[in-house]
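One structure below.
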Amino acid sequence: MHHKRLAFGLMGAMAAVATAESDVTQLTGETFNDFIKGNDLVLAEFFAPWCGHCKALAPEYEEAATTLKEKNIKLAKIDCVDEAELCKEHGIEGYPTLKVFRGLEQVSPYTGQRKAGGITSYMVKQSLPAVSVLTKDTVEDFKTADKVVLVAYIAADDKASNETFTSVADELRDTYLFGGVNDAAVAEAEGVKFPSIVLYKSFDEGKNVFAEKFDAEAIKSFASVAATPLVGEVGPETYAGYMSAGIPLAYIFAETPEEREELSKSLKPIAEKYKGKINFATIDASSFGSHAGNINLKTDKFPAFAIHDIEKNQKFPFDQEKELKEKDVAKFVDNFAAGKIEPSIKSEPIPETQDDAVYTVVAHTYNDIVLDDSKDVLVEFYAPWCGHCKALAPKYEELASLYVNSEFKDKIVIAKVDATNNDVPDEIQGFPTIKLYPAGDKKNPVTYSGARTVEDFVKFIEENGKYKATVKVPEPPVEETTSEEKKAEDEHDEL
Ligand SMILES: *[C@@H]1O[C@H](CO)[C@@H](O)[C@H](O)[C@H]1NC(C)=O
């Protein structure tokens with residue numbers, strides 16, 4: 001921090017004084033990596049000078065930094081106005097954002113309170129070993145110390161299992177509590193052999209045992225399955241977990257807590273049968289009823305049941321005119337699991353005419369057009385409300401007309417599909433998403449990540465399409481050079 005910003009005059013001088021007395025280290029793009037590498041545990045605050053929450057946090061953050069200094073836990077801050085590049089690298093989207101760094105590789109979001117005491121206790125906990133070493137006297141209390149607790153039973157000299165378990169614990173320490181025992185008598189009392197892991201939980205069957213060879217991926221997936229309640233609840237905190245679980249999700253929509261409780265009880269045997277294959281969860285239809293539309297259910301008739309095959313993005317709504325009887329739902333789920341139910345397909349009507357150079361695809365024409373093996377097909381997945389999509393539209397139409405008026409008109413199709421009103425098999429993360437489905441290789445679409453200019457699209461189609469088609473793009477107008485602006489900016493920096 002020393003003389004670098006002296007040019008800022010009085011303000012700079014004041015800031016320098018403030019930092020000199022502070023135990024919070026202000027980092028820049030130049031100092032950040034070395035600082036993180038040089039300290040085992042760092043809490044970093046990414047802030048903006050104008051942000052009110054950041055100002056409120058500042059004195060608390062200072063106080064925590066001073067308390068944590070003696071424990072050698074470092075607190076740092078990064079001004080995202082000055083260090084925009086660095087903040088972008090770290091995916092900062094709001095202020096303040098707090099992250100815990102254990103080196104540059106291991107980063108986790110800070111999920112504690114924003115008070116000095118909260119920060120201190122959270123960070124002290126972070127500094128303790130991820131795995132608590134337990135004895136026969138401490139293991140009993142530990143089993144119920146949190147909703148989900150994992151205890152490894154391993155021999156004292158089994159270094160490999162210890163290391164694997166510890167690495168998982170380091171990674172998931174914010175999610176679960178981890179303990180370890182070396183006492184063979186304790187393991188025997190628990191009914192397990194070395195090495196094993198027992199996951200204790202305050203719901204469903206109470207515990208699950210992992211008795212395979214210790215492997216980090218296997219342990220993580222065991223924990224994820226075992227820690228998911230048989231019938232959970234979909235809400236803002238759990239939704240992302242269900243979406244990334246890698247298995248279908250069966251939704252039970254109901255408006256009142258009593259109804260959800262009752263249905264979760266009556267459908268539990270089905271959830272049990274499909275544990276690890278299909279997740280089951282209730283969802284509050286009075287708050288999240290509109291979400292039913294995403295799974296092709298009507299949004300005004302509850303309770304309702306539907307399965308979402310997340311990987312294939314296929315939806316299987318249970319007939320909403322029927323009551324949710326366990327027997328009927330069980331049969332429906334069995335049929336789903338056996339692949340005997342057709343997914344419901346949401347589609348706009350097939351357009352009667354195609355009036356633009358860009359071909360309008362709907363769900364019902366997706367296979368015929370996009371998967372036409374004889375053509376290279378570029379598809380834009382858009383949403384009607386998406387501003388970037390609207391901005392792209394004229395360029396996209398220009399692009400399409402270049403091919404329509406070329407020798408490649410029967411080989412190249414430029415298409416678009418409204419992915420909010422049509423079920424498409426692709427997983428669409430954001431709008432617009434643009435992919436090329438090459439002729440003869442429809443299983444391997446190539447996602448476009450270049451600039452959204454006609455020239456770059458043409459190059460992309462030439463490079464990735466089967467036909468290596470190329471068309472001439474009319475000369476773009478000469479772009480203004482930005483060096484003047486750049487210079488102005490530099491000067492401004494030096495004021
Ligand atoms: C794992 O290894 C560490 C470091 O050697 C040791 O302190 C700890 O007791 C071991 N944990 C178990 C459960 O054996």
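Counting starts at 1 for both ligands and their atoms, in listed order.
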Can you check whether [X] and [Y] have ring centres sitting under 6.0 Å from each other?
| X | Y | answer |
| --- | --- | --- |
| His90 | Phe32 | yes |
| Tyr382 | Phe431 | no |
| Tyr251 | His291 | yes |

What atoms in ligand 1 come closer than 4.0 Å to a heavy atom of [X]?
| X | answer |
| --- | --- |
| Gly180 | 13 (C) |
| Ile154 | 12 (C), 13 (C), 14 (O) |
| Asn182 | 12 (C), 13 (C), 14 (O) |

Item checked: Any Val181 heavy atom less than 4.0 Å from ligand 1 -> yes
Next item on the list: Compare Asp183, Leu134, Asn162 and give the one whose heavy atom is closest to atom 6 (C) of ligand 1.
Entry: Asn162
Check: Nearest protein heavy-atom contact for atom 7 (O) of ligand 1: which residue, which atom, what distance?
Finding: Val133 CG2, 4.8 Å
Notebook entry, point to check: Where do Ser167 and Thr164 come nearest, in terms of heavy atoms and distance?
Noted result: OG-O, 2.8 Å
Notebook entry, point to check: Any side-chain donor paired with an acceptor under 3.5 Å for Asn313 and His308?
Noted result: yes
Check: Does the protein put a heavy atom less than 4.0 Å from atom 2 (O) of ligand 1?
Finding: yes
Notebook entry, point to check: Is atom 14 (O) of ligand 1 less than 4.0 angstrom from at least one protein heavy atom?
Noted result: yes
Margin query: Measuring from atom CD of Gln106 to atom CG of Asp170, what distance do you get when rounded to the nearest 0.5 angstrom?
Written below: 5.5 Å
